[in-house]
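A short worksheet on the structure shown next.
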Amino acid sequence: MLPKIEQEFETFQYHLESTEWQTNLPTFQLNTSKKSPTSPKVSVIIANFNNAPYLNKMMDSLMDQTIGLEHLQIMFIDDKSTDNSLEIIMPYLDKYQSVEIYALDENTGGAHGPRNIGILNARGEYLVFLDVDDWYDLEALGYLSQLLDASGDDFAVSGLVQSKNGEISLKSKPYFYDGDFKNRSIQDLPSEFYGWLGPQAIMVRRSLVIDNNLHFVNQRVADDVTFFYEAMRFAKTITQGSRLTTYLNRDADNVGLSKAINRQFMISWLRALSYINQTFPDDMSKERFLARRVEWLVYDFCLKRGTGYNFSKNRLKDFKEQMDLYLGHLDFDLSRYFRSDPRVISWEYLQNNDINGLYWFVQLQSVRFLMYYKLGFKEHTKGNYYFPTLLPKVPKVRLSAFAKALSFSKITNTCTIEVHGRETVTGFETRNLKDIYYSVQKLPFKKISDNIYEVTLPDDFKNDKERLTVVFGNYVEIGI
């Protein structure tokens with residue numbers, strides 16, 4: 001390993017055998033409710049810095065948990081905010097039990113510091129880490145803790161909903177769609193499972209964290225994903241619950257969201273992946289985890305344009321050089337898990353060190369993308385739909401998925417549907433638009449030809465109240 005990278009691991013406190021992360025934390029002033037349990041079931045660790053607008057909604061979701069406050073330790077850890085965060089939280093001490101406010105004497109520069117203070121002062125059997133702009137379903141903590149009680153596992157996940165300007169959608173489909181599992185080997189998890197791994201909708205056993213010296217590394221980016229992946233490695237098996245428990249705030253006016261996808265963001269992620277790659281043996285879990293995270297970096301630093309690291313040949317060259325430095329040669333092909341042709345093709349250019357070819361491919365793909373999504377232009381060749389070609393020397397790019405209804409028979413109540421996609425068709429479903437996650441009805445279908453399917457609709461199907469959906473492998477789905 002290069003001395004530079006090893007030094008970075010020490011500087012950013014990655015090593016699990018070191019306790020330096022504990023000694024560099026600031027002191028704090030502690031205020032508590034008059035009554036708090038000595039042995040709570042769940043410790044809720046909340047890191048805050050200047051998030052006053054979201055605090056009441058988040059705290060109220062905790063005060064009304066069906067598990068009961070007598071079983072919770074609510075740890076609000078303020079990273080020396082300069083807004084009125086503490087003024088908003090202080091009244092909860094008098095009104096409710098089990099609330100603890102840790103006011104840090106120095107700012108730590110990221111969520112890692114408050115979260116680590118939370119780990120060192122938590123008393124619960126289980127731990128959750130709640131971002132201040134998110135909130136829980138009222139049964140979330142009781143549900144998650146019951147899952148771990150029943151399974152004996154050290155790590156549990158459940159359904160995660162993203163809320164964006166009033167619209168809700170699933171953030172990590174494998175958490176929810178896979179259904180109920182206990183003692184599920186992490187080697188069996190699909191690559192898409194690793195697309196999130198933030199603190200939301202996850203509960204871990206505190207003894208797992210303490211016994212393995214798990215902590216959040218001293219950097220603003222990728223500290224949470226590193227922590228939870230390490231926790232999974234030591235847990236070896238996990239529990240999954242098929243209920244929605246956690247709401248992730250992605251509103252446009254959320255000032256707490258990080259919009260700084262810049263060079264430091266890139267290096268921080270590569271550093272984290274390098275540590276994971278060097279710490280854990282090659283196996284299916286690591287392969288799929290690295291693939292999913294590298295795919296996002298390829299998207300952010302090859303294909304994405306409006307970021308804090310301006311698109312240019314120099315950015316592409318730098319990304320390639322840093323990838324080689326931190327990850328080097330891998331003995332498995334990450335791109336076989338990538339979810340779209342542009343990402344796979346970009347990866348091939350990187351592997352061939354063809355920065356000029358990658359630059360022009362990305363430029364052209366941006367135009368093709370707009371031509372399809374804004375103007376509807378596409379090509380149909382050899383059983384697949386493609387973005388417009390424009391230049392024959394540049395690789396063709398398939399649409400990830402496309403489906404349209406060709407005909408409907410009132411006599412048989414069947415719909416003939418043309419379907420194209422990178423993934424295999426696994427089924428057809430209807431969902432009530434007012435309850436899209438718990439109203440799923442799987443439909444009988446038969447394959448007529450390579451891309452044509454006959455689907456039997458429910459007798460009471462109403463097109464204006466329900467969504468007809470085709471489902472592919474790898475959790476891809478589109479409306480028809």
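The two atoms that bring L104 and D79 nearest to each other are CD1-OD1, 3.4 Å, heavy atoms only. Heavy atoms only, all atoms of each residue included: R368 and V397 are closest at NH2-CG2, 3.3 Å. Heavy-atom minimum distance, V419 versus V425: CG1-CG2, 3.7 Å. Here the closest non-hydrogen pair linking V161 and I168 is CG1-CB, 3.6 Å. Summarising the geometry of Q200 relative to Y175, their closest heavy-atom pair is O-CE2, 4.3 Å, with the distance given to 0.1 Å. Closest of all the heavy-atom pairs between I45 and I119 is CD1-N, 3.7 Å.
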Requested in this report: Before giving the answer on side chain to side chain contact (heavy atoms under 4.5 Å, CB included), spell out for S61 and D137 the whole-Å C-alpha distance, their side-chain angles and the decisive distance to 0.1 Å.
Outcome: CA-CA 7 Å; S61 80; D137 176 84; over 6 Å; no

Checklist entry - Passes ring pair (Phe, Tyr, Trp, His ring centres under 6.0 Å), F428 versus Y453? Steps please. => result CA-CA 10 Å; F428 296 82; Y453 296 81; 5.5 Å; yes

Report task. Run the numbers on Y309 and F265 for ring pair (Phe, Tyr, Trp, His ring centres under 6.0 Å), then give the verdict. Result -> CA-CA 9 Å; Y309 194 174; F265 178 101; over 10 Å; no

For a side chain to side chain donor-acceptor pair (under 3.5 Å) check, start with the C-alpha distance between D331 and H329, then their side-chain angles and the critical distance, and finish with the verdict. CA-CA 7 Å; D331 292 327; H329 172 74; 3.1 Å; yes

Could you go through the side chain to side chain contact (heavy atoms under 4.5 Å, CB included) check for F472 and T426 one step at a time?
CA-CA 5 Å; F472 300 86; T426 59; 5.6 Å; no

In sequence, state the C-alpha distance, the side-chain angles, and the governing distance for V42 and V44, and then conclude on side chain to side chain contact (heavy atoms under 4.5 Å, CB included). CA-CA 6 Å; V42 181; V44 183; 4.3 Å; yes

Assess the residue pair F28 and D78 against the criterion (side chain to side chain contact (heavy atoms under 4.5 Å, CB included)); give the C-alpha distance rounded to whole Å, side-chain angles, the decisive distance to 0.1 Å, and a yes or no.
CA-CA 9 Å; F28 54 83; D78 187 76; over 6 Å; no

Original post:
What do the steps show when you test T237 against N183 for side chain to side chain donor-acceptor pair (under 3.5 Å), and what is the final call?
Top reply: CA-CA 5 Å; T237 61; N183 312 130; 4.5 Å; no

Q | Worked check of side chain to side chain donor-acceptor pair (under 3.5 Å) between D300 and W269 | A | CA-CA 11 Å; D300 283 337; W269 263 109; over 6 Å; no

Start with the C-alpha gap between E379 and R398, add the side-chain angles, then the distance that decides, and say whether salt bridge (Lys or Arg N to Asp or Glu O under 4.0 Å) holds. CA-CA 9 Å; E379 297 176 1; R398 288 174 293 176; over 6 Å; no

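The shortest distance between side-chain heavy atoms of K304 and I261 falls below 4.5 Å. Using a 4.5 Å heavy-atom cutoff, the side chains of L316 and C302 are in contact. When side chains are defined from C-beta on, M75 does not count as touching I46, because their heavy atoms never get closer than 4.5 Å. Side-chain contact between P199 and L130: absent, with no pair of heavy atoms (C-beta onward) separated by less than 4.5 Å. Using a 4.5 Å heavy-atom threshold, the side chains of S85 and L55 count as touching. By the 4.5 Å heavy-atom criterion applied to side chains, I210 and S207 are not counted as neighbours. Residues Q162 and L170 form no side-chain contact, since every pair of their non-hydrogen atoms from C-beta on lies 4.5 Å or further apart.
Between F129 and F216, the angle of the ring planes goes over 60°, which puts this pair in the perpendicular group of the 30/60° scheme. Ring geometry, F176 versus Y437: the interplanar angle exceeds 60°, so the pair is classed perpendicular (tilted spans 30 to 60°). Ring-plane geometry between W296 and Y299 is classed as perpendicular, the angle between the planes exceeding 60 degrees on a 0 to 90 degree scale with a lower cut at 30. Y14 and Y275 have tilted rings, their planes meeting at an angle from 30° to 60° on a 0 to 90° scale.
A donor-acceptor pair is defined here as one N or O able to donate and one able to accept, closer than 3.5 Å; such a pair exists between the side chain of T23 and the backbone of E20. The main-chain N or O of P174 is found under 3.5 Å from a side-chain atom of Q240 such that the two form a donor-acceptor pair. Panel note: side chain R220, backbone G109; a donor-acceptor pair is recorded below 3.5 Å.
The aromatic ring centres of H380 and H420 sit less than 6.0 Å apart.
We find the CD1-CG distance between I74 and L62 to be 4.5 Å, quoted to the nearest 0.5 Å. Rounding to the nearest 0.5 angstrom, the gap separating the CG atom in N48 from the CD1 atom in I77 is 10.5 Å. Atom NZ of residue K4 and atom CZ of residue R271 lie 7.0 Å apart, to the nearest 0.5 angstrom. To the nearest 0.5 Å, the span separating OG1 on T226 from CG on L197 amounts to 10.0 Å. Rounding to the nearest 0.5 Å places CG of N51 at 8.5 Å from CG of D131. Annotation: the span from N451 atom CG to F402 atom CZ amounts to 11.5 Å, rounded to 0.5 Å.
By the 6.0 Å contact criterion, CD on E106 is open, its count of non-hydrogen atoms from other residues, nucleotides or ligands being 12 or less. Within a 6.0 Å sphere centred on NZ of K396, other residues, nucleotides and ligands contribute more than 12 heavy atoms. In the displayed structure, Q22 atom CD is contacted under 6.0 Å by more than 12 heavy atoms of other residues, nucleotides or ligands. In this structure, K374 places its NZ atom where only 12 or fewer heavy-atom neighbours from other residues, nucleotides or ligands lie under 6.0 Å away.
Geometrically, R343 does not engage F338 in a cation-pi contact, judged by NZ or CZ lying under 6.0 Å from the ring centre and within 45° of the ring axis. In this structure, K378 forms no cation-pi arrangement with Y372, as its terminal cationic atom is not both closer than 6.0 Å to the ring centre and no more than 45° off the ring axis. Cation-pi check for R184 over F181 is met; the charged atom lies under 6.0 angstrom from the ring centroid and within 45 degrees of its normal. Cation-pi contact between K313 and Y359: present, with separation from the ring centre below 6.0 Å and deviation from the ring axis of at most 45°.
Checked by atom type, the side-chain pair H15/Q13 shows no donor-acceptor distance below 3.5 Å. If you check the side chains of D333 and S335, you find a donor sitting under 3.5 Å from an acceptor. The closest side-chain donor-acceptor pair between D180 and S242 falls under 3.5 angstrom. A donor-acceptor contact closer than 3.5 angstrom links the side chains of Q7 and T11.
Each of R233, K236, R288 was scored for a salt bridge (Lys or Arg N to Asp or Glu O under 4.0 Å) with D283, with one residue passing: R233. Among R293, K173, R292, the single residue meeting the salt bridge (Lys or Arg N to Asp or Glu O under 4.0 Å) criterion with E192 is R292. Partner of R422 under the side chain to side chain donor-acceptor pair (under 3.5 Å) criterion, out of N474, N384, D341: D341 alone. Test Y54, W135, Y136 against Y247 for ring pair (Phe, Tyr, Trp, His ring centres under 6.0 Å) and you get one pass: W135.
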